[in-house]
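Here, residue 1 is the first one in the sequence, and each next residue gets the next number. All of these numbers come straight from a predicted model, not from anything done at the bench.
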Amino acid sequence: MSLSGCCRNLRITIKAVLHLHLRPPRVSSLYHPRIQSTHLSSSSSMADLKSTFLNVYSTLKSDLLHDPSFEFTDESRLWVEKMLDYNVPGGKLNRGLSVVDSFKLLKEGEDLTEEEVFLSCALGWCIEWLQAYFLVLDDIMDNSVTRRGQPCWFRVPQVGMVAINDGILLRNHIHRILKKHFRGKPCYVDLVDLFNEVEMQTACGQMIDLITTFEGEKDLAKYSLPIHRRIVQYKTAYYSFYLPVACALLMAGENLENHIDVKNVLVDMGIYFQVQDDYLDCFADPETLGKIGTDIEDFKCSWLVVKALERCSKEQTDILYENYGKPDPSNVAKVKELYKELDLEGVFKEYESKSYEKLIGVIEAHQSKAIQAVLKSFLAKIYKRQK
């Protein structure tokens, strides 16, 4: 066989392997090569919004797969496409959709133009890209097994540690999207600064989470509610809650310096959200949650373990110290049994009720009805969630 024939067969084999192992998520059938309609009225349903949002994803993906800054081969383009489909659109999309929803509420009943719909969706997808970047790398650091009901990306055959570079690509895609669609807009520089700042804050939160107790130096005495709050504020609250609203405010022509009170409410909401996450990691059905919780095995500074330490007797504290942070299922079971003895489910439900009352009180005291609507919309999405 000629050298050219061998190369051709090798390319065919690589494509076959990629198609076999890198299956796209179930939602891939919803993608269309072109956006069918970008008109959203104030009465548009969530189904309409999600359909439009997914259509914008396919446009942004196509832009990135034909980015002139890189000479793609067929194999590299196929790899990036499968990586994007596996990691970016497979979640609940709440962060991204919240940008569009928040911007609509800030417009106070006005229908959005086609450009406004597209741009707000594009910003929403930038946040979903950021989320995918964080999760791909976080799963490697935590040695997680599943994410969103399927194997973590690095556990997919043929991927492995290539996932680290894929995470870097996901991060760089955000600024390619911003440059292509917002360069020349009044809010462009502020958007770039916002994404850079929130990424830095989130990375610092992850750092605090990882170094609070190093491997071999596990000490539950270092865990407290202030430490938990600090980790959550930086690791979760800024990018999951503040960032979507900040994007909508910038699109609406607002100065973020005038909305520090909004940031503070959203950070508190993000902390409440993470406490929910800590609770669900232990008590939720993994099939409903979409992942197998590993906070106990990973010795995480979880809200549950902090509250347990506050309520434990001397004997119960000894049990916690002996079993927390160990991967053996029997150790995990003993910790979960202790949580039940301490009625941490009841403690959480009381916390959830008080947090909701406090947040509603602060929100309703805000002078802007439009911002009240934005904040109430966020709170409604997470209150008493099951996953």
Side-chain angles (χ1 to χ4, degrees), residues 30 32 35-57 59-60 92-128 177-178 181-182 184-188 190-191 194-195 239-270 272-273 356-357 359-385:
L30 297 174
H32 305 290
I35 300 173
Q36 301 301 317
S37 171
T38 55
H39 177 74
L40 283 180
S41 69
S42 58
S43 61
S44 295
S45 69
M46 180 54 69
D48 293 335
L49 172 56
K50 191 165 186 178
S51 176
T52 300
F53 193 65
L54 288 169
N55 286 336
V56 172
Y57 167 76
T59 298
L60 298 176
K92 297 183 288 291
L93 308 179
N94 285 340
R95 294 169 182 82
L97 290 167
S98 292
V99 178
V100 190
D101 192 39
S102 297
F103 184 62
K104 284 172 62 183
L105 291 169
L106 290 173
K107 297 282 283 187
E108 299 187 87
E110 292 181 32
D111 289 351
L112 305 189
T113 66
E114 289 196 0
E115 182 184 36
E116 287 174 332
V117 172
F118 181 85
L119 292 178
S120 60
C121 285
L123 281 181
W125 279 114
C126 284
I127 299 176
E128 293 297 333
I177 294 170
L178 290 175
H181 297 289
F182 290 89
K185 304 286 183 188
C187 60
Y188 176 61
D190 288 333
L191 284 170
L194 175 65
F195 273 90
Y239 95 91
S240 294
F241 287 82
Y242 174 61
L243 182 56
V245 176
C247 284
L249 286 168
L250 288 176
M251 268 200 68
E254 294 289 325
N255 184 338
L256 295 182
E257 293 298 318
N258 297 331
H259 295 285
I260 302 301
D261 55 343
V262 174
K263 177 193 282 191
N264 292 337
V265 173
L266 289 163
V267 167
D268 284 343
M269 212 179 293
Y272 161 55
F273 175 87
Y356 180 80
E357 290 174 9
L359 287 165
I360 280 292
V362 175
I363 290 168
E364 291 184 343
H366 198 283
Q367 59 186 4
S368 167
K369 294 296 182 184
I371 288 178
Q372 279 191 35
V374 170
L375 297 175
K376 284 182 177 180
S377 173
F378 259 77
L379 188 55
K381 290 172 185 173
I382 64 171
Y383 183 51
K384 293 195 173 180
R385 67 189 176 98

Check your understanding: Does CD belonging to Gln367 count more than 12 external heavy atoms closer than 6.0 Å?
Key -> no

**Study point:** Value rounded to 0.5 Å, distance of CG in Leu112 from OG in Ser120
**Key:** 6.0 Å

Exercise for review: Please round to the nearest 0.5 Å and tell me the distance separating atom SG of Cys247 and atom CZ of Phe103.
Suggested key: 11.5 Å

**Study point:** Residue pair Lys185 / Leu119, side-chain heavy-atom distance below 4.5 Å
**Key:** yes

**Study point:** Min side-chain heavy-atom separation Ser98-Val245 under 4.5 Å
**Key:** no

**Study point:** Working for side-chain contact (heavy atoms from CB on, under 4.5 Å), residues Thr59 and Phe118
**Key:** CA-CA 10 Å; Thr59 298; Phe118 181 85; 4.1 Å; yes

Practice item. Hey, can you tell me if Trp125 and Tyr57 have their rings parallel, tilted or perpendicular (30° and 60° cut-offs)? Key: tilted

**Study point:** Residues that Asn94 engages under side-chain hydrogen bond (donor to acceptor under 3.5 Å, both in side chains), provided they are two or more places apart
**Key:** none

**Study point:** Shortest non-hydrogen contact between Ile363 and Gln372, atoms and distance
**Key:** O-CG, 3.1 Å

Practice item. Locate the shortest heavy-atom distance separating Gly124 from Val99; write the atom from each residue and the value. Key: CA-CG2, 3.8 Å

Check your understanding: Hey, mind stepping through Val100 and Leu123 against side-chain contact (heavy atoms from CB on, under 4.5 Å) and telling me if it holds?
Key -> CA-CA 8 Å; Val100 190; Leu123 281 181; over 6 Å; no

Review point. Any side-chain heavy-atom pair from Ile371 and His259 closer than 4.5 angstrom?
Key: yes

Review point. Where the side chain of Ser377 meets the backbone of Ala373, is there a donor-acceptor pair that is under 3.5 Å apart?
Key: no

Review point. What distance do Leu266 atom CG and Leu243 atom CG have between them, rounded to the nearest 0.5 Å?
Key: 10.5 Å

Exercise for review: Would you name the heavy atoms of Leu250 and Cys187 that are closest together and state the gap between them?
Suggested key: O-CB, 3.7 Å

Check your understanding: Checking side-chain contact (heavy atoms from CB on, under 4.5 Å) for the pair Asp101/Lys381: CA distance, chi angles, key distance, verdict?
Key -> CA-CA 12 Å; Asp101 192 39; Lys381 290 172 185 173; 3.5 Å; yes

Point to revise | Qualifying residue for side chain to side chain contact (heavy atoms under 4.5 Å, CB included) with Leu49, from Leu97, Val117, Leu54, Leu93 | key: Leu97

Check your understanding: What is the ring orientation for Tyr383 with Tyr356, classed by angle as parallel under 30°, tilted 30 to 60°, or perpendicular over 60°?
Key -> parallel

Point to revise | Taking every non-hydrogen atom, the tightest pair across Met269 and Phe378 | key: SD-CB, 3.6 Å

Exercise for review: Work out which heavy atom in Tyr242 is nearest to a heavy atom in Lys263; give both atom names and the distance.
Suggested key: CZ-CE, 3.5 Å

Review point. In Å, rounded to the nearest 0.5 Å, how long is the span from OG of Ser368 to CD of Glu108?
Key: 6.0 Å

Point to revise | Student check: side-chain heavy atoms of Asn264 and Asp268 closer than 4.5 Å | key: no

Check your understanding: Which is it for Phe241 and Leu375 under the side-chain contact (heavy atoms from CB on, under 4.5 Å) test, yes or no, and what are the steps along the way?
Key -> CA-CA 10 Å; Phe241 287 82; Leu375 297 175; over 6 Å; no

Check your understanding: Taking all non-hydrogen atoms of both residues, which atom of Glu364 and which atom of Lys376 are closest, and how far apart?
Key -> OE2-NZ, 3.2 Å

Review point. What's the spacing between Cys126 SG and Leu60 CG if we round to 0.5 Å?
Key: 7.5 Å

